[in-house]
Amino acid sequence: MLRQLSQSLSSHTSQAIKLGFGSEYVAARSISQSNGAICSPSQPTSSTSSSIASGTSATTTLHLRPNATWSDVPAPAKLLGLAGVIPFIALSPPIAASLPLLPAELVQNAALLQVAYGASIASFLGGIHWAMAMAEYGGKHASSQMGTDRYVWSVTPCLMAWPAVIMAPGPASLAIASVLAVVHAVDARFAGQRLLPQWYMVLRRPLSAFAISGMLITLVGSFLYPEGQQSQSTPAIES
């Protein structure tokens with residue numbers, strides 16, 4: 001009797017132990033499966049993260065891709081940029097003298113106004129780098145390496161263009177054209193290091209070409225139409 005009772009007790013104890021370990025095994029397995037579901041790349045959580053990452057990557061690629069086209073340039077930048085080159089062309093003395101709607105006083109001072117406008121644009125183009133440096137555009141690592149260069153360069157175009165405002169029209173126009181060409185080259189270097197939006201240089205190429213062309217027209221005009229001849233032609237415009 002005692003032997004049967006002992007065997008029965010042992011049997012129940014063994015089953016209880018098995019059940020206990022079994023429940024722990026089931027619990028552990030369920031946790032493992034749950035973790036696997038979280039970490040598995042085929043689950044929605046991972047796919048959602050992947051889609052978010054791919055969306056961010058696509059946005060970054062659109063902003064920084066080296067083969068940016070004219071369609072990537074924001075519309076306000078296109079409009080304001082194209083409007084900004086009009087004074088470079090219209091204020092060239094040979095062209096200003098042929099525009100009937102311009103006042104005679106403006107035509108007389110067209111070269112001076114064009115040079116002053118060119119100096120202000122050069123200052124504006126430099127100021128863009130100050131803003132980019134403050135915003136740490138291109139990432140903190142690149143900004144920490146190029147931060148000093150960006151701040152120093154941001155004020156350099158202004159200092160380069162400023163003396164031109166007291167020069168004669170011929171040398172002044174050559175100075176501003178040279179400054180604009182140097183600024184374009186430096187901007188291309190910064191854009192190549194992903195420190196400027198790639199669409200920015202797509203916009204800058206035609207704008208720089210028009211601006212430099214306008215200054216060179218003034219330079220050529222200073223040789224073809226000396227200052228004395230220009231002053232003699234002014235009364236004819238007034239009449």
Spatial distance of atom [atom1] ([X]) from atom [atom2] ([Y]) [nearest 0.5 Å]:
X: L224; Y: L219; atom1: CG; atom2: CG; answer: 9.5 Å
X: M215; Y: S92; atom1: CE; atom2: OG; answer: 7.0 Å
X: L113; Y: E105; atom1: CG; atom2: CD; answer: 11.5 Å
X: L102; Y: I95; atom1: CG; atom2: CD1; answer: 11.0 Å

According to a hydrophobic-cluster definition based on side-chain heavy atoms being under 4.5 Å apart (Ile, Leu, Val, Met, Phe, Trp, Tyr only), do [X] and [Y] belong together?
X: F223; Y: I212; result: yes
X: F124; Y: V115; result: yes
X: V220; Y: M167; result: no
X: V152; Y: L196; result: no
X: V186; Y: M160; result: yes

Give me the atom names and distance for the closest heavy-atom approach of [X] to [Y].
X: A122; Y: A161; answer: CB-CB, 4.0 Å
X: L195; Y: G138; answer: CD2-CA, 4.3 Å
X: A96; Y: V107; answer: O-CG2, 3.7 Å
X: L216; Y: A177; answer: CD2-CB, 4.1 Å
X: A191; Y: Q198; answer: O-NE2, 2.7 Å
X: G81; Y: L207; answer: O-CD2, 3.4 Å

Return yes if some donor-acceptor pair links the side-chain N/O of [X] with the main-chain N/O of [Y] below 3.5 Å, else return no.
X: K78; Y: L203; result: no
X: D72; Y: T69; result: yes
X: Y117; Y: G84; result: yes

pair [X]-[Y]: side-chain heavy atoms closer than 4.5 Å:
X: P157; Y: V183; result: yes
X: L91; Y: L106; result: yes
X: S154; Y: M134; result: no
X: P94; Y: I217; result: yes

Problem set entry | Greater than 12 external heavy atoms within 6.0 Å of W162's CH2 | no
Exercise. Is the OH atom of Y151 crowded by more than 12 outside heavy atoms at less than 6.0 Å?
Worked result: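 Enclosed: over 12 neighbouring heavy atoms sit under 6.0 Å from OH of Y151.
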For this session: Show your reasoning for whether ring-ring contact (aromatic ring centres under 6.0 Å, His included) applies to F88 and F210.
Result: CA-CA 7 Å; F88 282 105; F210 279 115; over 10 Å; no
For this session: Classify the ring geometry between F190 and H129 as parallel (under 30°), tilted (30 to 60°) or perpendicular (over 60°).
Result: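 Because their plane-to-plane angle lies in the 30° to 60° range, the rings of F190 and H129 count as tilted.
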Problem set entry | Check: S173/Q114 side-chain N/O donor and acceptor closer than 3.5 Å | no
For this session: Could you walk me through whether L180 and H184 pass side chain to side chain contact (heavy atoms under 4.5 Å, CB included), step by step?
Result: CA-CA 6 Å; L180 293 176; H184 183 89; over 6 Å; no
Exercise. Yes or no on side chain to side chain contact (heavy atoms under 4.5 Å, CB included) for L174 and T218, after CA distance, side-chain angles and deciding distance?
Worked result: CA-CA 9 Å; L174 177 60; T218 301; over 6 Å; no
For this session: Quickly, which of R205, R204, R150 forms a salt bridge (Lys or Arg N to Asp or Glu O under 4.0 Å) with D187? Name it, please.
Result: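 Result: among R205, R204, R150, R204 is the only option passing the salt bridge (Lys or Arg N to Asp or Glu O under 4.0 Å) with D187.
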